Number of protein chains: 2
Amino acid sequence: MNTMSPDESQHDVAPKEIANRPRKNTAFEQLDRPGSVRINVQGAFIVDDDSFTPPRSGSPPRYTGPGETKDIRLPHHKTGVSHIAVDIGGSLAKCVYFTQDPNGQGGKLSFKNFETEHIDDLISFMDSLVNGKRSGQGDCLVKKKDRLHIMATGGGAYKYYDKIKEALGVEIYREDEMECLIVGLDFFITEIPDEVFTYSEEDPMQFAERRVDIYPYLLVNIGSGVSMIKVSGPQQFQRIGGSSLGGGTLWGLLSLLTSARSFDEMLGMAENGDNAKVDMLVGDIYGGGYGRIGLKSSTIASSFGKVFKKQVEYGTEYCPESSTATNNDGKNRGFEPEDISRSLLYAVSNNIGQIAYLQAQNHGLEHIYFGGSFIRGHKQTMNTLSYAIKFWSKGEKKAYFLRHEGYLGSVGAFIRRQPRNWGRRYSASDEYPYPGIRSTGEEA
Amino acid sequence: MNTMSPDESQHDVAPKEIANRPRKNTAFEQLDRPGSVRINVQGAFIVDDDSFTPPRSGSPPRYTGPGETKDIRLPHHKTGVSHIAVDIGGSLAKCVYFTQDPNGQGGKLSFKNFETEHIDDLISFMDSLVNGKRSGQGDCLVKKKDRLHIMATGGGAYKYYDKIKEALGVEIYREDEMECLIVGLDFFITEIPDEVFTYSEEDPMQFAERRVDIYPYLLVNIGSGVSMIKVSGPQQFQRIGGSSLGGGTLWGLLSLLTSARSFDEMLGMAENGDNAKVDMLVGDIYGGGYGRIGLKSSTIASSFGKVFKKQVEYGTEYCPESSTATNNDGKNRGFEPEDISRSLLYAVSNNIGQIAYLQAQNHGLEHIYFGGSFIRGHKQTMNTLSYAIKFWSKGEKKAYFLRHEGYLGSVGAFIRRQPRNWGRRYSASDEYPYPGIRSTGEEA
């Protein structure tokens with residue numbers, strides 16, 4: 001579902017169970033007011049296989065590879081919902097929607113993304129969710145009052161507002177992007193078991209212990225660009241910084257420098273590369289380490305630092321055609337697309353890690369959560385980010401990742417207007433108000 | 001002299017005045033002990049034209065364009081010197097040497113750089129300085145005891161130590177790189193008028209007022225990679241951070257993505273580019289600004305963020321050949337090498353500026369000096385770095401530049417072993433010890 005091949009997404013259609021499901025008016029009584037149908041998240045869990053029961057406590061964590069975004073089962077939510085949610089970013093649009101279980105055992109949240117460039121695919125997908133099947137004349141078969149509303153966030157919620165509204169004929173409620181991100185993150189941290197984890201090469205995927213007091217923390221959201229948000233409490237947040245060197249930079253440069261045409265293809269290349277072929281290491285400059293200031297021989301002194309002199313030497317232009325797997329002549333030029341990919345992945349990830357550390361340090365934050373579609377559950381990426389935080393903070397700060405990292409904003413938009421304390425995992429025993437959710441006065 | 005065309009540097013020979021000058025033994029009496037011939041820097045000034053007098057105070061500052069490294073005249077230094085100095089970095093080797101004025105009016109420091117890759121050119125240049133002309137049999141015409149010594153710093157001082165020693169047959173004194181950088185910078189800040197300046201588009205080149213109390217400050221040295229050094233006092237310094245995204249990254253990536261084969265050619269391209277053609281701006285995502293968090297429509301959200309989707313659209317590989325000035329077909333692909341160059345220059349400079357600000361903020365430093373061969377007196381680069389510091393610090397911190405930015409390390413190595421307070425510009429009235437110079441017990 002995360003594969004970014006543009007062709008694939010054009011063939012997407014809504015799952016049958018949604019597009020064709022029988023609509024019961026009773027379930028959509030209050031559709032004119034989004035959020036008035038409450039989402040009961042009690043007992044929610046990530047569906048790691050096709051079972052209808054949550055994993056046993058203590059069972060070994062299962063690694064979620066790149067490209068997989070697991071459904072979240074909501075066993076206690078028996079009714080329909082009033083809305084779907086979408087987060088339309090610069091490169092990707094992330095959609096979250098609910099489907100009832102055909103056997104009446106609650107339902108589930110599903111996740112799907114589209115390239116923002118192919119906005120019409122997203123609109124047609126949302127149309128099938130909102131309006132159901134259309135008649136031969138293009139008329140909707142679902143009555144207007146029964147239609148799902150759309151909660152939208154991200155820049156595209158503004159840029160494409162008119163277009164989407166006109167195409168779907170339903171109300172679109174726009175939500176602030178940063179607010180949705182933190183509401184979504186709070187939800188994942190607090191409600192979903194086995195969602196948050198730490199990562200390192202030695203200790204691959206360790207699910208985090210649940211923390212009662214989650215504030216303050218730093219959210220580093222890496223999409224096309226990077227946003228860093230300091231969160232001090234429910235609804236208390238501030239965008240303290242960011243970087244233009246993010247996913248868009250990696251994907252853009254690698255689409256110029258390699259034959260890869262999807263994000264996952266690029267990450268795959270990086271896995272097989274050796275960055276020392278293009279990066280200048282401390283050892284390349286010193287002939288060894290620079291012990292006095294603690295720089296090891298293997299430390300990267302300059303990303304792509306070996307390239308310039310070789311290019312000048314060859315006197316020729318670099319062309320990715322001649323360096324692809326289909327043509328081994330590329331070796332003559334000295335640069336393999338795999339090595340280039342790995343170097344750039346390291347450069348971007350390291351850089352984000354360093355800036356995140358410095359921001360966290362400046363603001364006295366110990367816990368750093370990395371979200372956004374850049375990460376994609378990719379081991380090297382997470383390892384590099386983790387290592388950077390550990391290295392710079394001398395082990396004092398910690399990097400956390402999420403299995404639904406790309407969907408913080410859309411999940412935030414989905415649940416943002418719920419009354420607080422509704423169906424919480426720990427709601428019976430918990431004195432804290434539902435984090436990140438504005439009180440609507442509608443107590444459960 | 002700064003032009004990085006590799007062909008050019010191969011034709012370099014030592015200036016006639018050095019290679020052929022008559023050697024007087026009296027001037028080299030103490031050559032066996034480097035630093036024992038003291039450099040008198042009293043009244044030193046940058047030679048902006050061919051005059052032998054310093055510029056009148058109050059005369060308008062003259063902009064030093066890229067590629068120019070002016071001599072520094074030392075009107076009161078009457079004798080010869082014992083050494084030359086070289087700073088051998090990952091990409092460039094920077095050489096500083098003294099020549100006596102033929103008319104007996106003191107002498108001058110001259111500056112010359114070589115690509116580290118062409119280390120033999122550097123060695124042959126140093127050979128002509130150290131050993132003078134060789135006889136037809138390759139024997140030196142200068143007696144061993146009269147030969148100049150070499151003060152060397154940078155990684156290459158270790159990596160190429162044996163090679164240089166063997167080739168030149170003189171002693172090489174290796175100096176710590178970070179120490180040389182700060183000694184050189186202290187020298188330029190304290191001794192050389194019209195050396196340090198601030199830069200902005202509105203207020204191009206403003207020479208800085210002399211500061212009596214220069215500590216603490218942050219030095220950001222940008223060569224192939226980036227080093228950030230906190231300087232708290234003479235000889236008190238700490239490398240607090242750095243980045244692998246530096247000059248080597250810009251030069252390496254642009255040598256892959258454009259037909260440019262010299263640093264200055266790349267900078268020239270960047271001057272004529274429009275980064276909005278490849279960068280994703282906030283306006284591209286939002287259709288306007290994101291006022292709530294203070295992001296303007298023109299803010300760069302993602303460097304190279306527009307590239308991926310276009311590349312996928314075209315379905316073709318990018319080749320710099322078809323985008324060069326010699327072939328206008330490149331336009332069909334949508335990416336001009338000028339736009340790519342500008343985007344990458346912005347990305348690298350902005351990023352360094354942000355990290356520099358964050359480090360300065362963490363360590364309570366107000367003054368930030370940018371040095372290193374990346375800058376090259378280039379207006380866009382300086383403007384971007386300045387803007388980043390101003391933006392992030394809300395005007396509280398200041399970026400300073402130097403006209404000899406690439407030669408901090410080599411000048412530091414050149415003067416490092418001098419006795420303190422020797423021939424200082426303000427030595428008569430100044431109570432502060434010469435900054436950055438270790439006391440050798442040889443007071444002037």
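From a predicted model like this one, the values you see are computed outputs, not experimental measurements. Just so we're on the same page: letters track the sequence lines, and every chain starts at 1.
The distance from the CD1 atom of I285(B) to the OG1 atom of T116(A) is 8.5 Å, given to the nearest 0.5 Å. Annotation: the span from L358(A) atom CG to Y357(B) atom OH amounts to 10.5 Å, rounded to 0.5 Å. Between atom CG of residue L245(B) and atom CG of residue N350(A) there is a gap of 8.5 Å, rounded to the nearest 0.5 Å. Put simply, CD on Q311(A) and CG on L254(B) are 11.0 Å apart, with the number rounded to the nearest 0.5 Å.
Looking at A347(A), both its backbone and its side chain come within 4.5 Å of chain B, counting heavy atoms on both sides. Only the side chain of F237(A) comes within less than 4.5 Å of a heavy atom in chain B; its backbone stays farther off. In this structure, the portions of E177(B) lying under 4.5 Å from any heavy atom of chain A include both its backbone and its side chain. At a 4.5 Å heavy-atom cutoff, the contact between Q361(B) and chain A is made by backbone and side-chain atoms alike. Only the backbone of I240(A) comes within contact range of chain B, judged by heavy atoms closer than 4.5 Å. Only the side chain of L295(B) comes within contact range of chain A, with heavy atoms under 4.5 Å apart. Neither the backbone nor the side chain of L250(A) comes within contact range of chain B, judged by heavy atoms closer than 4.5 Å.
No other option in T299(A), N362(A), I355(A), I300(A) has as many heavy-atom pairs under 4.5 Å with chain B as N362(A). Chain B forms the most heavy-atom pairs under 4.5 Å with one residue out of G223(A), G283(A), G225(A), G248(A), and that residue is G248(A). Counting heavy-atom pairs under 4.5 Å between each of G246(A), S303(A), G288(A), G241(A) and chain B puts S303(A) at the top. Comparing G287(B), G305(B), A301(B) by heavy-atom pairs within less than 4.5 Å of chain A, the highest count is held by A301(B). For the options D279(A), I88(A), D176(A), heavy-atom pairs under 4.5 Å to chain B are most numerous at D176(A). Annotation: maximal heavy-atom pairing with chain A below 4.5 Å, among S343(B), G154(B), G90(B), occurs at G90(B).
Applying the 6.0 Å contact sphere to CD of Q236(A) captures more than 12 heavy atoms from other residues, nucleotides or ligands.
The shortest non-hydrogen separation linking S243(A) to N351(B) is OG-OD1, 4.3 Å. Between M280(B) and S91(A), the shortest heavy-atom distance links the atoms CE-OG, 4.0 Å. F304(B) and T249(A) get closest at one heavy-atom pair: CB-CA, 4.2 Å. Shortest non-hydrogen contact noted between D284(A) and K159(B) is O-NZ, 2.7 Å. The shortest heavy-atom contact between S255(B) and F308(A) is OG-CA, 3.7 Å. Heavy atoms only, all atoms of each residue included: S302(A) and S224(B) are closest at OG-O, 2.9 Å.
Of the possible polar contacts, one joining the Q354(B) side chain to the G242(A) backbone as a donor-acceptor pair under 3.5 Å is found.
The ring pair (Phe, Tyr, Trp, His ring centres under 6.0 Å) search around Y346(A) returns none, not counting sequence neighbours.
At least one side-chain heavy atom of L257(B) sits less than 4.5 Å from a side-chain heavy atom of L257(A).
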